[in-house]
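Along the sequence shown, the residues carry numbers beginning at 1. Hydrogens, waters and symmetry mates are skipped; everything else that's a heavy atom, side chains included, is used.
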Amino acid sequence: MGDVLSSHLDEGRRQHIAEKTGKVLGEFSRCYREQYGVALFNSVRYEIEGNGGPQAQLLHRKVPLEDHVIYSGNLFQYIEENKKWRNRFCVVPHNYGLVLYENKLAYERELPPRVLINSAGYKVLTSVEQYLELVNSSLPGVTPKSGNTPILKCPTDFPLILWHPYARHYYFCLMTGKEQEKWGAVFQDCVRHCNNGISEDSKVEAPAFTDAVRMYRQSKEQYGTWDMLCGNQTQVLSNLVMEELLPELRSAIGPRLKGKAQERQRAWIQISDAIYRMVYEQTKAQYDAMVAKCELERPQMESSIRTDMDQIITSKEHLASKIRAFVLPKAEICVRNHVQPYISSILEALMTPTSQGFAEVREVFFKEVTDMNMNIINEGGLEKLVEYMEKLSHLAFHPVKMQSCYEKMEQLKLEGLQQRFDVSSTSVFKQRAQIHMRQQMDDALYTFETLLHQELGKVQGKDELCKSIQRILERVLKKYDYDSSTVRKKFFREALLQITIPFLLKKLAPTCKAELAKFQELIFEDFASFILVENTYEEVVLQSVMKDIMQAVKEAAVQRKHNLYRDSMVMHNSDPNLHLLGEGSPIDWGEEHGGQPEAEPASDKRRRAKQVVSVIQDDEGALPYEMGAEMLMSPSSPEPPEPRVPPGSPDVVAEIREALAKESIEEPTEERLMNGTHSTRDSGATKEVVVAEGAAAGDAPTKGPAGDGGGVRRAAPAPPAPRAESTAGDEVQHAMPASPAAGAKVLSQDGLHPPVSGAEVTSGDEIPSGDKMHRATAPSPAPRAEVPPGDKVHHGVPASPAPRAEVPPGDDKVHHATPASPAPRAEVPLPPAGTCHQRSDKETGEEVALPAECSLPQPTGTTESIEGMQTEF
């Protein structure tokens with residue numbers, strides 16, 4: 001790699017790159033300084049005049065993911081330096097950076113990570129074919145011949161590739177399709193979050209930056225949406241420089257690359273990444289200096305704005321009236337002929353998938369709360385509530401459970417409208433709508449748990465608690481319907497403006513843009529920093545189409561299929577004290593209602609960090625294909641190794657179920673259940689298989705990996721009943737008492753079923769981690785009762801009420817099943833869930849650095865490793 005970079009990026013070419021970058025940043029700096037004054041004026045004016053928009057009904061959480069890890073688990077990464085696939089332990093912290101460690105032990109010992117990845121601007125690919133297509137298009141004229149070895153060969157059928165048009169690519173693979181789907185959802189969530197890197201909390205810097213980028217690109221005759229407006233400000237500016245710089249360098253360096261087509265493609269990827277890093281470092285330094293200079297001038301500018309606010313507004317209105325008289329007739333003709341006929345089509349294309357996505361958010365929220373309520377009825381009161389609420393409170397940041405909501409937006413297609421209005425891609429609108437969905441889900445959850453927390457001191461007994469949960473759920477759903485309607489209408493208006501305004505500006509540019517200079521003399525010199533002719537011109541163009549857009553959205557609100565409130569329906573102060581509750585400190589369910597845990601060392605806290613998504617696969621086994629890219633088997637090995645069947649795959653689950661069913665009939669003796677719990681996820685539900693292994697009955701239980709806490713929990717026997725009966729809605733199913741032998745496994749699919757015949761059922765969508773020991777009391781066999789293994793008592797889930805429908809609380813009483821009483825037998829200890837075998841360093845053949853005193857790095861910075869320098873952008 002060093003030879004390639006030194007030969008093609010010599011000192012002269014590096015100097016040329018620095019000069020080109022400085023030139024682009026200099027032009028952008030002028031645009032930014034101009035837009036900074038306008039943004040500051042708009043911010044102060046908004047602060048003084050206030051806003052007349054509708055007040056949100058749901059509460060907003062200030063710090064959603066404090067002290068939480070989104071995800072962690074093992075996956076295999078391709079190391080380009082030595083062309084090997086290595087097992088890596090990946091952690092996704094609350095800021096959605098991808099942090100890769102040598103193994104889990106290195107993470108727990110707080111050793112430096114191998115790689116830090118900020119995924120802004122990346123695309124998540126799930127097939128090598130998609131990747132090769134993008135690679136072939138990145139270097140025109142270089143296409144490998146059919147039959148040749150491709151640039152990347154994945155050892156499994158389940159790859160995950162992070163592709164970037166300028167930066168380094170990252171290659172991963174998984175062992176099963178289920179793992180690929182879940183890791184793919186996690187990666188997509190990281191990309192979605194990192195792309196939204198410009199904080200909207202900044203009322204001056206953020207609008208000044210985005211307007212400056214738009215003005216700069218329009219000065220280069222580039223209108224329409226831009227896919228690379230993603231990441232933080234430095235990343236966006238780096239993309240802006242690379243957009244101009246890379247084509248020039250590609251034409252200069254591409255013909256000089258030597259070797260086979262695959263080698264030239266690989267060399268070009270390395271060169272492009274090196275150029276991007278050079279541009280990024282220079283851009284960061286210059287942008288920081290630019291912002292610091294504007295911040296120094298801000299106090300004086302703000303003082304002038306507050307002093308002369310009325311004169312500035314009068315001057316701007318006078319300028320706008322002159323520009324309106326010149327531009328508006330032409331703009332109205334353009335709108336009537338080229339925009340107005342297509343507004344309804346664009347709006348319909350936007351509304352259908354968006355409304356389906358928000359409806360799915362509502363349904364997921366309703367289902368999760370209803371499932372929790374039914375489990376509280378069947379399994380216990382406040383203790384179970386605490387356990388479920390800790391999981392439910394972060395549902396919005398669960399990539400797998402929210403995937404069904406996000407997938408609805410993938411249906412968005414503008415078809416012919418996309419070319420007509422110069423929309424490069426619909427990904428901008430998709431990701432924006434998906435971020436709104438996540439925010440609305442989190443607002444609904446935060447409002448629900450705030451109201452429930454307030455209600456806990458008033459309720460007594462399990463039945464009263466469940467009724468309160470149902471009442472609060474219906475109350476929150478009404479608020480969600482109103483807020484989601486407001487958010488969607490705002491999203492539709494903004495999307496229509498993003499599509500039509502650049503198109504109108506491009507159409508009007510030949511006749512109007514050259515004449516704008518004459519209006520500059522209408523602005524007083526003292527106010528020239530706060531009033532710009534180009535900005536006022538764009539506001540006039542916006543006014544020409546805004547009336548048609550507002551009318552189209554208003555008419556769409558009448559259609560019931562989109563579940564939009566009419567503009568005349570405004571909820572004022574429906575809960576005057578609710579927003580006061582939201583100002584309090586965050587609710588810690590485990591600390592307030594789960595007992596006070598003992599103080600833990602810092603290393604234990606790191607291991608026991610709460611995780612939003614349960615671990616997919618926690619073992620660090622060797623990949624059967626962990627070898628060079630040119631060969632899939634070591635020459636010294638006489639036979640190819642058998643591919644390891646991943647634990648928890650559907651075939652293995654079926655085999656284990658059959659084997660245990662036979663053992664329960666043939667060998668009714670007690671057996672010690674050792675560590676053999678594996679997890680698979682199917683449509684948001686958890687299937688847990690407990691494998692029985694022979695051991696002494698009196699041995700002490702083994703301690704699993706660190707998790708959420710310690711302690712021992714025993715299943716309490718229920719009163720005797722001839723048979724279990726479950727009633728939910730109109731569905732009633734009866735289960736005859738089963739006769740499982742000790743050591744038989746129990747499989748729970750939806751987490752809603754009470755223990756039947758004394759068997760313990762693990763519920764919940766996530767695998768609990770921790771040192772908890774679950775003990776189940778073996779059931780007494782019932783004579784002449786034969787029930788196939790896996791039979792369960794099913795509870796019908798009540799359907800979600802129609803939006804804005806009034807459901808009187810307490811009318812429908814939910815009945816639950818009474819589990820049969822188990823006969824007293826010896827207790828059989830169960831292993832802690834999620835415990836897996838960790839291979840040692842000798843088994844994997846990898847070296848692990850000695851422990852060092854260091855803290856978990858944030859995914860911003862640079863880390864040096866044998867695999868090369870990895871920089872977090």
Side-chain angles (χ1 to χ4, degrees), residues 1-32 120-123 131-144 151 163-169 212-231 233-287 290 422 424-425 506 871 873:
M1 178 177 175
D3 296 338
V4 173
L5 297 182
S6 60
S7 60
H8 294 288
L9 294 178
D10 53 15
E11 190 61 32
R13 199 174 298 280
R14 289 175 182 268
Q15 182 65 27
H16 171 72
I17 293 172
E19 292 176 357
K20 181 71 174 179
T21 303
K23 180 182 178 182
V24 173
L25 294 177
E27 295 179 19
F28 175 82
S29 177
R30 176 185 57 82
C31 294
Y32 182 81
Y122 277 87
K123 287 185 178 179
Y131 176 71
L132 295 179
E133 184 179 348
L134 290 171
V135 170
N136 293 338
S137 62
S138 65
L139 193 61
V142 179
T143 305
I151 187 175
W163 176 88
H164 194 283
Y166 312 129
R168 179 175 182 172
H169 306 162
V213 170
R214 180 169 49 81
M215 289 297 182
Y216 176 84
R217 297 188 77 248
Q218 288 179 6
S219 68
K220 305 293 182 181
E221 302 299 325
Q222 294 174 329
Y223 296 85
T225 59
W226 186 37
D227 286 349
M228 296 309 294
L229 185 64
C230 48
Q233 285 88 338
T234 306
Q235 289 173 305
V236 172
L237 277 182
S238 300
N239 296 336
L240 194 67
V241 174
M242 293 294 290
E243 188 179 38
E244 297 187 22
L245 183 62
L246 200 64
E248 174 188 338
L249 294 176
R250 184 190 292 117
S251 59
I253 298 176
R256 298 176 54 192
L257 296 174
K258 299 178 181 180
K260 298 180 180 179
Q262 295 83 357
E263 296 173 354
R264 283 181 282 169
Q265 288 176 339
R266 192 175 289 111
W268 174 247
I269 293 172
Q270 296 171 355
I271 293 171
S272 175
D273 177 63
I275 296 171
Y276 188 69
R277 293 174 186 276
M278 293 168 55
V279 169
Y280 181 87
E281 294 300 326
Q282 183 177 347
T283 300
K284 181 174 176 55
Q286 290 191 229
Y287 176 73
M290 180 197 320
D422 194 22
S424 59
S425 173
K506 187 176 182 180
T871 305
F873 297 120

Item to check | Atom of Ser425, atom of Thr225 and distance for their closest heavy-atom approach | outcome: O-OG1, 4.1 Å
Next on the checklist: Distance check, rounded to the nearest 0.5 Å: Ser7 atom OG versus Ile253 atom CD1?
Outcome noted: 9.0 Å
Next on the checklist: Please check this pair: side chain of Ser272 against backbone of Tyr166, looking for a donor-acceptor N/O pair closer than 3.5 Å.
Outcome noted: yes
Item to check | Nearest atoms (heavy-atom pairs only) where Ala267 meets Leu257 | outcome: CB-CD2, 4.3 Å
Checklist entry - Between Lys20 and Val241, is a side chain to side chain contact (heavy atoms under 4.5 Å, CB included) present by the stated rule, with each step listed? => result CA-CA 8 Å; Lys20 181 71 174 179; Val241 174; 5.5 Å; no
Checklist entry - With distance as the sole test, does Asp273 use its side chain to make a donor-acceptor pair with the main-chain N or O of Arg168 at under 3.5 Å? => result yes
Checklist entry - Can you say whether the rings of Tyr131 and His169 are parallel (under 30°), tilted (30 to 60°) or perpendicular (over 60°)? => result perpendicular
Checklist entry - Taking atom CG of Leu132 and atom CD of Gln262, what is their separation to the nearest 0.5 Å? => result 9.5 Å
Checklist entry - Between atom CD of Gln282 and atom CD of Glu19, what is the distance when rounded to the nearest 0.5 Å? => result 9.5 Å
Checklist entry - With Arg214, which residues qualify under salt bridge (charged side-chain N to carboxylate O under 4.0 Å, His left out), at least two apart? => result Asp211, Glu538
Item to check | Partners meeting ring pair (Phe, Tyr, Trp, His ring centres under 6.0 Å) with Tyr223 (sequence neighbours left out) | outcome: none
Item to check | Short N-O contact, Glu263 and Lys258, less than 4.0 angstrom | outcome: no
Checklist outcome for this item: Rounded to the nearest 0.5 Å, the OG1 atom of Thr234 sits from the OH atom of Tyr287 at a distance of 7.0 Å
Checklist entry - How many angstroms lie between atom CD1 of Ile275 and atom NE2 of His8, to the nearest 0.5 angstrom? => result 11.0 Å
Checklist entry - Just wondering, do Gln222 and Glu243 contact through their side chains at under 4.5 Å, heavy atoms? => result yes
Item to check | Qualifying salt bridge (charged side-chain N to carboxylate O under 4.0 Å, His left out) pairs with a residue from residues 7-16, counting only residues at least two apart or across chains | outcome: none
Checklist entry - Nearest heavy-atom pair of Asp227 and Ser424: which atoms, and what distance? => result OD1-OG, 3.4 Å
Item to check | Donor-acceptor contact present, side-chain Ser137 to main-chain Leu134, <3.5 Å | outcome: yes
Checklist entry - Would you say Cys230 and Gln235 make side-chain contact, with heavy atoms under 4.5 Å? => result no
Checklist entry - If you take all heavy atoms of Ala167 and Tyr122, which pair is closest and at what distance? => result CB-OH, 3.8 Å
Identify all side-chain donor-acceptor contacts of residues 21-32 below 3.5 Å with residues at least two apart in sequence or on another chain.
{"residue": "Thr21", "atom": "OG1", "partner": "Ile17", "partner atom": "O", "Å": "2.8"}
{"residue": "Glu27", "atom": "OE1", "partner": "Lys220", "partner atom": "NZ", "Å": "3.1"}
{"residue": "Ser29", "atom": "OG", "partner": "Arg33", "partner atom": "NH1", "Å": "2.8"}

Checklist entry - Considering residues at least two apart in sequence or located in another chain, which fulfil the salt bridge (charged side-chain N to carboxylate O under 4.0 Å, His left out) criterion with Lys284? => result Asp288
Next on the checklist: Apply side chain to side chain contact (heavy atoms under 4.5 Å, CB included) to residues Tyr216 and Leu237 and explain how you reach the verdict.
Outcome noted: CA-CA 11 Å; Tyr216 176 84; Leu237 277 182; over 6 Å; no
Next on the checklist: Holding to side-chain contact (heavy atoms from CB on, under 4.5 Å), I want the full list of residues that pass it with Arg250, two or more places apart in sequence or in another chain.
Outcome noted: Leu139, Pro140, Leu246, Pro247, Trp268
Next on the checklist: To the closest 0.5 Å, what do you measure between CZ (Arg264) and CD1 (Ile151)?
Outcome noted: 12.0 Å
Checklist entry - His164 and Tyr276: aromatic ring centres closer than 6.0 Å? => result yes
Next on the checklist: Check this for me: Glu248, atom CD, are more than 12 non-hydrogen atoms of other residues, nucleotides or ligands nearer than 6.0 Å?
Outcome noted: yes
